[in-house]
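Following: one structure in structure tokens, then a few remarks.
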Amino acid sequence: MSNSFIGRNPSILWFLLALSVFTIGVTLLSEATGTGLISTSFLKTLGKTLCLCLVAIAMDVVWGYCGILSLGHFAFFGIGGYAIGMWLMYARTEGIVTGSLSGSALPPTPQEVTDAIGTQIFGVVGSSEFPALWAFSHSLPLQLLAVVAVPGLLALVFGWLAFRSRVTGVYLSILTQAMTLALSLYFFQNDTGLRGNNGLSGLQNIPGLEAVPQATISLWFFWASAVALALGYILFAWVVSGKLGSVIRAIRDNEARVRFLGYHVESYKLFVFTLTAMVAGIAGALYYPQAGIINPAEIAPIASIYLAVWVAIGGRGRLYGAVIGAALVSLLSSWFTGGSAPPINLGFYVVKWTEWWLVLLGLSFVAVTLFFPKGIGGIFDYFERKRLPDRQGDYGPDKGALRQQEGVE
Amino acid sequence: MLRALLICIAILFSAPAAFSQTLQEVLQANSGAVSSPSRGTVDSLIEALSANPPPGVPEFLEQWRDRNVWMRESDGMFFYAVEQGDGLVLTDIDTGAEQTIDDDAGFDQLRPNAGVRRVVGSALVQFLLSDPDIGRREAALTSISRDPSADQLAPLRASIEDEPDTDILARKVQLERQLTAQFGDTAAERIEAIEYLSGDLSVEVRGVLSQILNARQGVAPELPQDTNVARILEPGEDMTIDEAYALLVDADLAPSTVSPGDIKTALTERIEDGQVNGIPVATLNTDAARIAAYQSLVDAGEAAPFITPEERAAAAAAHVFYVSYTEPNSDITAAAEEAERAIAVRLGVGQATDLTLDALSLASIYFLAAIGLAITFGVMGVINMAHGEFIMMGAYTGYVVQLFIPDYTLSIIVALPLAFAVTFGAGVAMERLVIRWLYHRPLETLLATFGISIALQQLAKNIFGTQARPLTSPDWLAGAWVLNDVVQISYIRIAIFVLALIFLALILFILKRTRLGLEVRAVTQNPGMAASMGINPDRINMLTFGLGSGIAGIAGVAIGLYAKVTSEMGSDYIVQSFMTVVVGGVGNVWGTLAGASLIGFTQKGIEWFNPSNTLAAQTFMILFVILFIQFRPKGIVALKGRAAGD
Amino acid sequence: MSTLLEVSGVSVTFDGFRAINNLSIQIAEPELRAVIGPNGAGKTTFMDIITGKTKPDEGRVIFGEKSVNLLGMSESQIAQAGIGRKFQKPTVFEAQTVRENIVMALKNPRGPFDVLFKRRADAREERVREISDEIGLTEALDQTSGALSHGQKQWLEIGMLLAQDPRLLLVDEPAAGMTPQEREHTTDLLVRAARTRAVVVVEHDMEFVRRLNCKVTVLHEGSVLAEGSLDHVTKNKDVVDVYLGR
């Protein structure tokens, strides 16, 4: 069965091959192996990019395949980051606090240790109590579970509410955007117990691995991100192939018709929405230890919109398109905004890319939607010479069917 | 007081010759009473000063009271003086001329005793209260109400009769009632004053009442007879046993409990060779172990014993806990409580009114921000993510206009149509260049307009910088309409409300009464049919989009007037605007109005419950909207029937 | 022959306009029934009510031996209960191949996890062939259905309807845009299908209805005007009035 599955989806093999070549290449050039051509900070950037590619694939499945333009998947990504960040911060502070308390006359009681950790972590927001949200922060397995479970549950509840009331199209997008805004406002509050706009920091220090140099840890995370991306790619390729893929693409193109075929459209949407949210959480949990810091601004609606931008530029409805888009745009973004791009002197005005990159991105995005709706991935069609539908039928009963430009695979 | 003093000095300079006798002369005439004042002589001096008052009497009294009057021993002349090193800075009492001397020998400081100073103080109040200058009378009243005391009552009452100005008279009467309520001689008098005040919402009156009702917690073995008890506190009901016991400890009625900190200190003090009383220190890493070790110390008689919960409960039960008023008369406190209740009710009504006005103005802002969006969304099914940036463009237009036209009234009058024109143009351009090519692909329109939104935002940042730019409102829009101490609303919010009403009327007029409106409605309902009737849908779409964008520009000017103009201001409003449109129902002006009202009122309502946290209010607001959509997926004003489609 | 579907006393109002007015119809199993009527008679709304797209203001719709109330069910539940519908305009999933379209319609468990994990292809391939032979699209199985002609799309949709294996087929103007031969084929197909199940055909074309040779229900202004054989109803004075005008 596996043979026929890969046989029917040759792009998986190509993708895995490219990913392994890239991973081996980067490993050989990294500081940890001595070559040092790729600095540790750039290695982190590459590792983070792989995580962004993973969340972009999830976004592509929910949007490109299922037609739900979710403006909330980056929030799920952030929640994954927060979930792992809570353990990282707790465990590391515990180490520091135990060290400093060991000097005191009496050995500390568990309560004293907890209080001291609380003071350390929540001092910035003027509190020392552990909020209920941190109840499991001492336990790595439970927080790892939270990485998947919290985004999944949130997506399940929100999706159930939204899909049940048959909110579709732009309405649904707006509603997901509202959800994201509500989440980020919630995280911004000091009394939420997630350190308000300070966020969680120092996440690059892995408790128990203080002796291992950052160069090595970064490489490990890079590998983990590559493996997660590969597994995520295979998982989603499996999900969108075969009959399930057929049904969700049908939902995208004409939801009402699928309903009359006897499919419970809502459960399919809910399945896709929740699954992708969980994968987004995993991607976030791998991303933020490499970034070192997470704060509520990362969750703001704008981040989720950028995610949609990456997928659109890379090409919707094909998984490798999302990877290309995410990798290209996020790397270009950091190159341009990092100040390393050379300014252009027009004689009367000097174009500094730190100022003009967003203008360029916004306009190129408009250009892509207008002129290349298939995105960069569309280039591959020229090589494959796929036969495209050359006839357009009548419009169906639902406006969803009007989107004829999408979904050509 | 300082202002009174300054006015006083000014008068001293302006018209000294108008009076027959100068202050110095009057003082010299009563020299003995001034230089060595006593309770017996001071009254006659004040009588002399007030019989035919020369200018500068209040200042003299003040300086005298504050021991700043000095006498030159050589000729008995009086001066105001400030010590400077060993010397003095002398001020002539009549002319105000200053002179500095190096040595204070030969000068005596006059030191009236406390009794005299009190008499002088109240005389001073009387002088100021019946001063011919209205400003000084007002200043005196303000100073009394800021720091009321019993001895001001009599002079205040005395000054009421001759008060010529009706406003000041009203204030005096009001203040007299407040003072009487607090310091009146008889209980009956005070109760009457309190009842008089019970209709007043002002902060002063509320302060007076809370002063009267000042209470403190007490504990005693038995309820004391002579106190005015507000209520009895039951340990276990009104307070926990531990809190009650802590009160007992504070009142020295019980021995203090042993806290974990005490245990730790006691144990730490007795560490010997890594052991406490024979117990290894390393084992003391749980609370239970520490308590056990401490108990062993107690058993050895080396530490204070624990107080068991039973002992604490018994101690608490053996005492009476109560709250008592500082005011001993229970009739007065009862009257004050009654008055406070009456005020609380009126205060509640006032605050509710205030909140309603607030919500109304918030709703009008949302309406202004959202109506343009509603038009484009409703008529064309197009989501314009750059709508917020059109709001921003409008606000920046206002800012730029103010750079060229310094007169704020004129600049607003110019800015409003100009902002409309600018954003109308931008909207038409966007429709022709982008949106026209994306009809029937609503999700892609959303994304393309989002691209425009990022580009516009960054462009604004590049041009105007990241810091906020002011958009100043004209003077006649500054200030607020004050209904009473609780209810007030700033003129700018009223203006925005009026603007929202104007736009509501205007849009209704355009849609219902003009040819354009007819064509717009025709295109909304059936573009194909409309086209075959000779209506050009492209033109209608373009105009509609321009109109919606233009209104966003005007909303931008209005919002910029009361909030700061920044490149990110658009994104602050965009989600709320979408919420408004979605909640209200698409394609309907009344729907937008209903949506804006619902969102504005709900948000203010949530803030009412949790005033400190506006972030939480917004969070709950959004949750509310998400839940609302569950019950009315098509909004408050939904299109019905087959036309609504799926 | 037992009653499969019973619609009784159903009314629907859109913004004050009564699209369906106290409509009562019974369909037996097996039966072939043609529903005709002028524009606005409520034919499509009648189908919308049965398939759950429109909820009526009053009335009852009962289905099957167990007398299931269709009004309390969602579209997908109704479809799973055994009611298939073909729309007036052909609505197939144009971005997908003919095979994918048919496979999606095949009578199989409809839950997401069933669909995800039960990927056995052998048994269903046979059935897909059977259907594609019936609708003459075997050659085009791996073509994108967007590339089919209008008539072929009609066939594909009928094929999808057959793949669902419903007990009640609701067919809205199946012959629109077909050549005379194709019409004949369609008639055969419907007549054959009606031997084992109930088929309701909404049609304008009298010639087509005549060829179906079945009981005819005439709708007018949302209620039944006449019922019986085609000859019988065409002689009915009311029907003549409605169709030809007074």
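These numbers come from a predicted model, not from an experiment.
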Salt bridge check: are [X] and [Y] linked by an N-O gap of less than 4.0 Å?
{"X": "A/R166", "Y": "C/E75", "answer": "yes"}
{"X": "C/K153", "Y": "C/E157", "answer": "no"}
{"X": "C/R85", "Y": "C/D48", "answer": "yes"}
{"X": "C/K43", "Y": "C/D172", "answer": "no"}

Leading residue by heavy atom contact count with chain A [cutoff under 4.5 Å; candidates [options]]:
{"options": "C/Q80, C/K107, C/M104, C/E100", "result": "C/M104"}
{"options": "C/P112, C/A105, C/A79, C/A81", "result": "C/P112"}
{"options": "C/Q96, C/R110, C/M160, C/Q77", "result": "C/R110"}
{"options": "C/S74, C/G111, C/A163", "result": "C/G111"}

(message) Quick check on C/N108 against chain A: is it the side chain, the backbone, both or neither that has a heavy atom closer than 4.5 Å?
(response) side chain
(request) Answer whether the closest heavy-atom distance between the side chains of A/L244 and A/Y65 falls below 4.5 Å. (result) no
(message) If I take atom NE2 from residue C/H185 and atom OG1 from residue C/T179, how far apart are they, to the nearest 0.5 angstrom?
(response) 11.0 Å
(request) Under 4.5 Å heavy-atom distance to chain C, tell me which part of A/V258 shows up: side chain, backbone, both or neither. (result)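 Both backbone and side chain of A/V258 come within 4.5 Å of chain C.
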(request) Side chain from CB out, backbone as N, CA, C, O: work out which of these in A/F271 comes under 4.5 Å of a heavy atom of chain C, or both, or neither. (result)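 The answer is the side chain of A/F271.
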